[in-house]
Amino acid sequence: MKKTIKIIFAVLMTFMVFPVMAQTLPEDFEAYLSGIKKNETEIITEAKVSFSFPIALKYGTVNVKPKSNITFYENGNLKSFMTDETIELAESYGTIVISSALDTYRNEVPIVLYEDGSIKSACVPTLSSKEAKTKDQVSLPCGKYSIVPQSRISFHPDGSLETFKVSNGSTILFDGQTIQLVLSTITLHENGNIKEFTPKNSMTINGITSYAKKPVAFYDDGKIQSFYPAKDQGIKIGNVICAFVSGEPIEYYHDGIFKSYCIDITGKDVEIFGIKLYCATPKAILNDEDSNADEATRPHKIQIVYHENGVLQSIRTLQSSAVVMDFPPSFMRIKEIKLYDNSSIESILFDPSVLLGAVDDRKFYAWKFIFNKNNINVARVGILQKGSGRQFTDKSGSCILLYSEDGQTVTDIITDNDMDGGITADTDVILDDNGKPVSYTVKASYGITYTEEDKKIITKPIK
């Protein structure tokens with residue numbers, strides 16, 4: 001339902017404050033406004049309401065709260081408003097009473113609509129004891145629940161419940177276990193099945209004990225999607241038992257195969273899909289037992305991600321300490337390694353950069369190696385530096401080295417040192433189906449990012 005407010009004065013993207021005056025809504029409602037906000041295309045996105053006025057919803061007519069804000073979508077349709085009145089939603093799962101009100105944190109919660117006028121979210125007000133016996137009680141496949149007063153509630157576009165808050169002592173049935181819930185939000189899929197809840201105590205999921213008071217997530221058919229493991233839980237990697245990192249989730253694909261998990265390998269040497277990782281360079285190589293011992297005992301936690309076919313997809317460190325990888329003919333400290341679904345290496349991110357000889361009389365410090373599916377190193381991202389130290393000259397800086405089909409000879413050097421979008425260690429090189437580099441990525445802003453716009457990734461072609 002389109003709600004376009006006709007006004008005379010406005011300032012682009014900022015409120016224009018003017019004496020209270022009557023403005024006309026499309027259905028001849030008169031709204032007394034004290035300010036409005038427009039977007040770049042002169043569409044009103046927000047208005048300050050001075051006095052109450054009625055608006056027609058698909059659920060009936062309600063009065064907008066005086067001295068409140070009302071907002072609109074880009075197409076002029078009503079998006080949100082405040083009201084002192086209540087709206088009853090009679091659905092198959094029960095009768096829900098909603099309004100705009102203060103939640104338990106004393107925050108004003110408006111009624112928010114989808115673009116088609118259906119209710120998206122609102123607040124559940126406190127009802128009288130008589131009303132509470134029949135309203136704000138929901139019956140779902142997972143159980144019957146009383147919705148906590150002064151809590152936020154949301155709905156899917158089809159009107160089915162999406163999120164609602166339950167009180168302490170509520171229970172849910174999972175895999176033969178009766179699970180007690182803490183004061184938390186239950187999230188549902190559109191089919192009414194549980195999407196996420198937070199158990200009060202630990203659970204047993206796929207043979208692993210979960211962390212209490214951490215969310216458990218499900219696919220729409222009830223299969224486990226993710227949960228947080230308890231501190232004393234672990235997994236066998238080769239011949240080594242590694243503890244799960246309790247603050248990081250275990251994720252599954254829909255068929256039950258691991259998608260990702262995080263483990264603590266402090267003081268351990270592990271081999272994952274043939275990749276050998278060490279917490280410190282082996283003593284036989286380093287010949288410096290004291291410093292090596294210090295490095296080995298430093299905390300080392302890694303995230304392991306799998307492809308849908310069960311093949312390793314990536315290994316990434318979770319903190320500043322890099323792990324040491326057996327990368328013949330040497331050992332390299334790495335932050336991340338990615339693999340293709342055929343188990344061949346896709347890329348390796350080093351930490352710190354690795355000095356790898358010279359190119360055109362300049363030293364090359366590599367941040368990242370990029371390989372094709374035939375294990376050919378087709379590109380390297382790093383810094384070309386001329387002279388001593390790390391002072392860049394006008395002929396040095398971040399770059400991408402492109403290599404011949406056999407990976408032995410540098411064929412081109414790509415430099416891109418613009419303040420918006422320079423090459424960094426985060427740069428990825430994109431290959432075509434034949435394994436040839438065709439483009440690369442940079443951040444919209446070089447260096448520190450202050451806004452979401454700065455964080456955007458830009459793809460540039462390799463010419």
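We number each residue from 1, following the sequence as shown.
Checked against a 6.0 Å centroid threshold, the rings of Phe227 and Tyr211 do not count as neighbours. Ring-centre distance between Phe369 and Phe350: below the 6.0 Å cut-off.
For Asn191 (side chain) and Asp220 (main-chain N/O), a donor-acceptor pair under 3.5 Å exists by modelled atom type. In terms of modelled atom types and a separation under 3.5 Å, the side chain of Tyr440 and the main chain of Ile414 share no donor-acceptor contact. The backbone N or O of Glu162 sits nowhere less than 3.5 Å from a side-chain atom of Ser154 that would complete a donor-acceptor pair. No donor-acceptor pair under 3.5 Å is formed between the side chain of Glu115 and the backbone N or O of Asn77. Checking side-chain atoms of Asp264 against main-chain N and O of Lys301 turns up no donor-acceptor pair under 3.5 Å. Not a single donor-acceptor pair under 3.5 Å links the side chain of Lys223 to the backbone N or O of Phe218. One N or O on the side chain of Asn377 and one on the backbone of Ile370 form a donor-acceptor pair closer than 3.5 Å. Without hydrogens or angle criteria, Asn309 side chain to Asp341 main chain gives a donor-acceptor distance under 3.5 Å. The backbone N or O of Val270 lies less than 3.5 Å from no partner atom in the side chain of Tyr278, so there is not a single donor-acceptor pair. Thr441 places a side-chain N or O within 3.5 Å of a backbone atom of Asp428 that can act as its donor or acceptor partner.
Distance check, rounded to the nearest 0.5 Å: OH of Tyr93 to CG of Leu188 gives 9.5 Å. Atom CD1 in Ile98 sits 3.0 Å away from atom CD1 in Ile119 (nearest 0.5 Å). Taken to the nearest 0.5 Å, the CG atom of Leu113 stands 8.0 Å off from the OG atom of Ser118. Distance CG/Asp351 to CZ/Arg333: 9.5 Å, rounded to 0.5 Å. Taken from CD in Glu248 to CD in Gln303, the straight-line distance is 7.0 Å, to the nearest 0.5 Å. Atom CD1 of Ile179 and atom CZ of Phe197 lie 6.0 Å apart (nearest 0.5 Å).
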When you look at Asp221 and His189, which way does the side chain to side chain donor-acceptor pair (under 3.5 Å) test go after all the steps? CA-CA 9 Å; Asp221 62 356; His189 289 284; over 6 Å; no
Passes side chain to side chain donor-acceptor pair (under 3.5 Å), Tyr306 versus Tyr261? Steps please. CA-CA 9 Å; Tyr306 295 88; Tyr261 53 80; 2.6 Å; yes
Is there a side chain to side chain donor-acceptor pair (under 3.5 Å) between Lys213 and Thr198 once you walk through the steps? CA-CA 6 Å; Lys213 299 180 181 178; Thr198 304; over 6 Å; no
Let me see the working for Ile423 and Val381 under side-chain contact (heavy atoms from CB on, under 4.5 Å), right down to the final yes or no. CA-CA 8 Å; Ile423 294 169; Val381 181; 3.6 Å; yes
CA sep, side-chain torsions, deciding dist, call: Leu89, Phe155, side-chain contact (heavy atoms from CB on, under 4.5 Å): CA-CA 11 Å; Leu89 306 176; Phe155 303 85; 3.6 Å; yes
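Residues meeting the side-chain contact (heavy atoms from CB on, under 4.5 Å) test with Ser139, sequence neighbours left out: Lys144.
Just one residue in the list His307, Gln225, Gln313, Glu251 forms a side-chain contact (heavy atoms from CB on, under 4.5 Å) with Lys259, and that residue is Glu251.
A cation-pi contact, defined as under 6.0 Å to the ring centre and within 45° of the axis, links Lys79 to Tyr73.
Glu46 and Thr71 share no side-chain donor-acceptor pair at under 3.5 Å. Inspection of the Lys231 and Ser246 side chains reveals no N or O donor paired with an N or O acceptor under 3.5 Å.
Among all heavy-atom pairs drawn from Thr45 and Glu74, the shortest one is CG2-OE2, 4.1 Å.
Ring pair Phe258/Tyr252 is parallel by interplanar angle, where below 30° counts as parallel and above 60° as perpendicular.
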